[in-house]
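Beneath this line is the structure, given in structure tokens, with notes to follow.
Chain letters run A, B, ... following the sequence lines, proteins first, then strands; residues in each count from 1. All of these numbers come straight from a predicted model, not from anything done at the bench.
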2 protein chains.
Amino acid sequence: MPSTLKDIAKHVKLSVSTVSNILSSSDSRYNKATQKRVLQAAEELDYHPNKAARSMQGLRTKVIGVLVPDLANSYFPDIIHGIEHEADKEGYQVLLCQTYYNESDEARKISLLRQHRVDGFILFPIPFSHRNNKIFEKLKKGKIPVVCVDSKIDHIKFDFVGTEDYKGAKLAVSRLVELKHKKILCLSFGDESEIRSERLRGYTDALKKKKLKFDKNLVLPGPWEADAPADFLISLFKKKKPPTAIFAMSDLLAVWAYTQLRAAGYQIPKDVSIIGFGDLHEGRCLDTPLTTVAQDREEMGRKAISLLLARIKKPNSRCKEALIETKLINRASCFGVH
Amino acid sequence: MPSTLKDIAKHVKLSVSTVSNILSSSDSRYNKATQKRVLQAAEELDYHPNKAARSMQGLRTKVIGVLVPDLANSYFPDIIHGIEHEADKEGYQVLLCQTYYNESDEARKISLLRQHRVDGFILFPIPFSHRNNKIFEKLKKGKIPVVCVDSKIDHIKFDFVGTEDYKGAKLAVSRLVELKHKKILCLSFGDESEIRSERLRGYTDALKKKKLKFDKNLVLPGPWEADAPADFLISLFKKKKPPTAIFAMSDLLAVWAYTQLRAAGYQIPKDVSIIGFGDLHEGRCLDTPLTTVAQDREEMGRKAISLLLARIKKPNSRCKEALIETKLINRASCFGVH
DNA sequence: TATTATATTCGTAACGTTACGAATTGTAAC
DNA sequence: GTTACAATTCGTAACGTTACGAATATAATA
């Protein structure tokens, strides 16, 4: 039983519409004294405008829905921070949900947010999912403003924010090549996402540029794919011409490799150099801090909001794509080979 | 312009109320064929019930608001996972906001969530804040169901979920004492929170039990407090009778100390044993994994939901408090002294 | 004082949904 | 062909808000 405009109106003996007008637009033709009286009553009665009623006028809710896979991955909070901060500046509020990489959760959360009539979505779609894309088709057909981040939806065009995956990977691998590494392992994602293929392209092109040949046996998926990938990883380093460096497609993968190698008695970077991608906290607080490719994640969030607001204003404009720059962060995990 | 009941009604040539009834209660007296027709039309027209209109009936929204300080702290995502999972089971949905440890954001986000008429709140209040407590008084007076986690609100009683801070700290320090450490540094939070005082009490009691005397110079606040606490920390270990162990009130503090000491040339645990509190990911992936006090954070989340739902059902029942158990996780960062 | 202009305030309809009781249809029994 | 009863379906009011145009009060001018 929260108080309503009617309650306030009764309290100050004015009409509901007067109270509404005063409370919702500060600029107004109303008597200063009246305004003060109303504001005060609102305060006293602990009035919270009912967004439900408001949005029923078909007005903007000024709320945007953000759907991320998993907050436990420290990649996301920074982006969310950027989103919230920028949204806030424009008077938008953010509602946050998680999918836990689960397709039916993804669908359910989108529906929930639609029920709340959010003005638009920022989605981090589950990468390379075989989900039923109908939900997204409907978003598209309903002209609901959507910005996808990181992954795109098959066959459906939305605004998009991503990372300069190709450039970043090339940067990283070029660095290893400069340090005279000849045999560089590529620790890859297990999926078939565009992120993966771009980073792989960066890896191979960096090798090519220095006339090193690409060996597909040096590309292996991370811990969540193979059966005993840790053993397999170590076995690669026990061969007689072992790799001397690892390019990992993510910091998490890099940290995993780091841990496994250390446990197996290898020293980083003396025996093996490692370079990651993402500049996550996990890599920074390693004993030998991780050299990595960083992207400005808050900027990603800001960019996503700016694309979204542009679309909210012009729902029919052409879809835009933005790639966030990368740069190399040199820390201790890479070492020259002689 | 999402479709409405009216649209569906027109489409199937039935009244709005029939459509509403069919769509909102699956149990019903309606003709099976009619039901199918309606469901199908809803699907075709991509109908999403308008929560706004629904909640205007004064009905439950089946949405609960969760307000956390900062998702970048990996302490929170686990709890949120527990919250979401349990809420989901009961048919409740979760709206998540951050305060960034900022009091005015805290107030604004609570107001936002109230505007959405959430059925209740799970709050992680900013600890030891000098905030204006009026917002909380109003929540209390308005009988809005609220569960606080971790910190309480001064002078205002809400349901509460916390950690067995005293027992956990005592457990940790007792362990160090068993390992024959005589001089144990306590790395404390900088605030005056109840969490701090309870963990401090655990620390002192563990010492007392083994007849070790409490030295208040051995209690020092973490990195965010003193001017040059890192230097100060190291200086303590350069004295002639240096501490041989550290009890840190959080894993983050522990990791910080670990890093500083390593950088200064000390070995963990050979020179200094460290024990943390919280069992965060950061401590697990250290080169020398951190011994720590763990609490089941998903259970915290579940508990919070169960208290909240109980309160939603009986808004006037007595406030309950739940403390989540702690246990010691022995890893490599502690070492016996001889 | 009458007339106009200006400053304030008001009343009504509409948004999409649900609860409630009323209305309509169909069916079986007489 | 009534009547009784069940099976379906319907109509209306209400929730809290805002937009819109209308109404009233007050001041300024003739």
Given D:dT17, is OP1 or OP2 found less than 4.0 Å from the side-chain N or O atoms of A:Tyr47? yes
Taking five pairs at each end, how big is the angle between the two axes of the helix from C:dT1-D:dA30 to C:dC30-D:dG1, to 10°? 60°
Can a side chain N or O of A:Ser20 be found less than 4.0 Å away from OP1 or OP2 on D:dT18? yes
First encountered from the 5' end of DNA chain D, between B:Thr18 and B:Ala53: B:Thr18
Would you say B:Arg108's side chain and B:Thr99's backbone share a donor-acceptor pair under 3.5 angstrom? no
Heavy-atom side-chain proximity of B:Glu84 to A:Tyr100 below 4.5 angstrom: yes
What nucleotide among D:dC15, D:dT18, D:dC10 has an atom nearest to a side-chain atom of B:Gln57? D:dC15
Test side-chain hydrogen bond (donor to acceptor under 3.5 Å, both in side chains), reference A:Asp159, set A:Arg311, A:Lys303, A:Arg318, output is A:Arg311
For a side-chain contact (heavy atoms from CB on, under 4.5 Å) with B:Leu96, tell me which candidate from A:Ile80, A:Val94, A:Leu96 qualifies. A:Leu96
What residue among B:Leu95, B:Ile64, B:Leu113, B:Leu67 forms side-chain contact (heavy atoms from CB on, under 4.5 Å) with B:Phe121? B:Leu113
How long is the line joining OH of B:Tyr30 and C1' of D:dA6, in whole Å? 15 Å
Between D:dC10 (P) and B:Leu23 (CG): distance, integer Å: 14 Å
Between the side-chain atoms of A:Ser15 and the base atoms of C:dG11, is any donor-acceptor pair under 3.5 Å? no
Sugar-phosphate only, base, or nothing, as touched by B:Ser17 at under 4.0 Å among non-hydrogen atoms: base
Tell me whether the side-chain N/O atoms of A:Thr34 come closer than 4.0 Å to OP1 or OP2 in C:dT9. yes
How about B:Arg297 and B:Ile324: do any of their side-chain heavy atoms sit closer than 4.5 Å? no
